[in-house]
Amino acid sequence: MLSGLKLERRNLGPDLVAGATFAIVNVPQGLANAVLATVSPVAGLYALMVAMPVGAIFTSSVFMNVSTTGALSVAAGEALAPYEGDQKVAVLIGLVLMTGSVQLVFGLLRFGRLIRFVSHAVMTGFITGIAVLIMFGAIPDITGFSSTQANHLLRLADTALNWRILNSHTLLIGLATVALIFAIQRTPVRKFALILALAAATVLAYVLDRVLGGGTAILVGDVASIPRSLPRPHLPDFAYLPELLLPAFAIAVIGLIQGAGVGQNYPNPDGSFPDTSRDFVGQGAANFAAAAFGGIPSGGSMSGTAVNVQAGARSRWANIFAGAFVVVIVFLLADVVKLVPMAGLGGLLLVVGFQNLQPEAIQTVWNTSLTARLAMVSTFVATIFLPLQFAILIGVALSFLFQILRLANRIEVREFELVDGGFPVERPAPGALGSDELRVLSVRGSLFFASAQALEAQLPAVEGARRTTVILILRDVDDLGSTVIRLLKRYASSLQRQGGKLVLAGVNDELFGQLQRTGMADLIGIGNIFKARPEVGAALNEAIASSRRRPGGVKPTDVSAN
């Protein structure tokens, strides 16, 4: 796991430059994300100092930047909202520790493969909701007005209704920061837009204070002390851990999903894609370390990884150096950081939230299908109005539910019409069977419990059909499930009562064992089950030949499908 830590001389320069660039660009965002988490801004810096290097050591993804993100901070803020003062610090440590524990367990149990079950529609709805929540969270710092209403939309409306009492100087600083970020992002120094805009906001706050006197804006130093030292280790208060399990689980899942996206978009230098489960372990270890030093939750950051790669990172040492540079910045510039206005951080968050919106992804999901649209909108609404720990669980549940509904509704029974001396013709299954017939049926779609009703509705009716044989092709089917087997038993019994029979063709060894254990083989007879063979169509030809081998029968017709 640590084999990739060898520092090659040719990578030293580029990795140092990338690490320094990330630290300069993302120190303001680390502060802002801590504000989103409703804790001291310095907790965001502690996470950058500790989580980034530890994550870089243990992740499979060479370039993955494990640091603070808006989504994780919003989720943490929701969980920490009921607590105040020193109690909030103790709960933060426990929350991050529990988050890391969940991620470590997921990684060690190799749960990385489960991420694929969270649909793109659900993730788009969730990410869009998080982006909107980030913008909502910036409003109090930009306006200087903190509403006490119950939810985000009501707080926004309350702020708008009280526009007359908003702090004009705070509003000026916040909006100026937003305007400067967008303006600088159109210039060659766009990588440094956040830090340059925040520096300008700090100068503006200083000028307003000097001109107007009395302190016109709330500064970082007014809400937090920034020691010129490394963070001190903390022990968690274990009394809080049980009540933090659900929010920690939700935060862990958010971080893991974001991290999986990073791994998919940034392959390793050798061209291989990272091991998602090992990335889980790396993020868990990073949060374990961050918890020990009072940092906010961290996870795979798409924007942070992009900054590193664009700045020339060549190995995982870029993220290790980035953590070291954050330490240097805190030691050298702690007094400067204290002068940063909270309104400037609010403006930065407003821009970050806006730029996290994905209009192309939203449009793609919207135009895909009604099911995808419902999944995206439902997850978005849940994210806005419910605690995030419930929203992410609802999103995952919706992914499974809509997948089951989609598979259940895609069942289609088709008939192969046999042609003497030629290839069979595929067509829709008939509504009813006739007497003295041989019908060959195939099922498109997944055969499982939710599709049983649709399958039964499409099977041809047996009533009145005497001495008819139905051959059902089951090639590539490993498991029918008890619901489908009960259905086929009923269908086979109906055929037998009319003097007919059900024949199964293309049955593999695994399915054959299931048919024996459930009594299906005894019901239809072992001689009416034809096992799959390597030659496509061979088992079906055998089934047809066997079904026609009787007095007055027709010569078997060769077919090329199974």
Applying side chain to side chain donor-acceptor pair (under 3.5 Å) between Asn319 and each of Thr305, Asn65, Thr59, report the one that passes. Asn65

Regarding Thr124 and Gln358, do their side chains bring together a donor and an acceptor under 3.5 Å, going by distance alone? no

Side chains of Asp275 and Ser60: any donor to acceptor distance under 3.5 Å? no

Just wondering, do [Y] and [X] contact through their side chains at under 4.5 Å, heavy atoms?
X      : Y      : result
Val132 : Phe380 : yes
Tyr491 : Pro460 : yes
Leu370 : Leu374 : yes
Phe288 : Leu97  : yes
Asn528 : Leu502 : no
Ser547 : Ile471 : yes
Asp478 : Leu511 : no
Thr468 : Gln498 : no

From Asn268 atom CG to Met64 atom CE, the distance as rounded to the nearest 0.5 Å: 9.5 Å

Reported OG-to-CD1 distance for the pair Ser298 and Ile251, which is rounded to 0.5 angstrom: 11.0 Å

Check for a donor-acceptor pair, side chain of [X] on one end and backbone N or O of [Y] on the other, with a separation under 3.5 Å.
X      : Y      : result
Arg373 : Trp366 : yes
Thr368 : Thr364 : yes
Gln363 : Pro359 : no

Pairing of Lys531 and Asp509 as salt bridge, 4.0 angstrom limit: yes

Under-4.0 Å salt bridge between Arg490 and Glu456: yes

Derivation and outcome, side-chain contact (heavy atoms from CB on, under 4.5 Å), residues Leu95 and Tyr240: CA-CA 9 Å; Leu95 179 67; Tyr240 293 111; over 6 Å; no

What's the verdict on side-chain contact (heavy atoms from CB on, under 4.5 Å) for Ile296 and Leu72, showing C-alpha distance, side-chain angles and the deciding distance? CA-CA 9 Å; Ile296 61 175; Leu72 295 174; over 6 Å; no

Give me the atom names and distance for the closest heavy-atom approach of [X] to [Y].
X      : Y      : value
Val102 : Ala252 : CG1-CB, 3.6 Å
Thr69  : Gly299 : CG2-O, 4.2 Å
Gln516 : Ile526 : NE2-CD1, 4.3 Å
Met135 : Leu357 : CE-CD1, 4.1 Å
Ile411 : Gln458 : O-NE2, 2.8 Å

If you count every heavy atom of other residues, nucleotides or ligands that lies below 6.0 Å from Tyr83 atom OH, does the total exceed 12? yes

Could you check Arg486 against Thr483 for side-chain hydrogen bond (donor to acceptor under 3.5 Å, both in side chains), going step by step and ending with a plain yes or no? CA-CA 5 Å; Arg486 287 181 62 195; Thr483 305; over 6 Å; no

Please work out which of the three classes, parallel, tilted or perpendicular, describes the rings of Phe280 and Phe106, given edges at 30° and 60°. tilted

By salt bridge (Lys or Arg N to Asp or Glu O under 4.0 Å), Arg427 pairs with (sequence neighbours left out) Glu415, Glu417

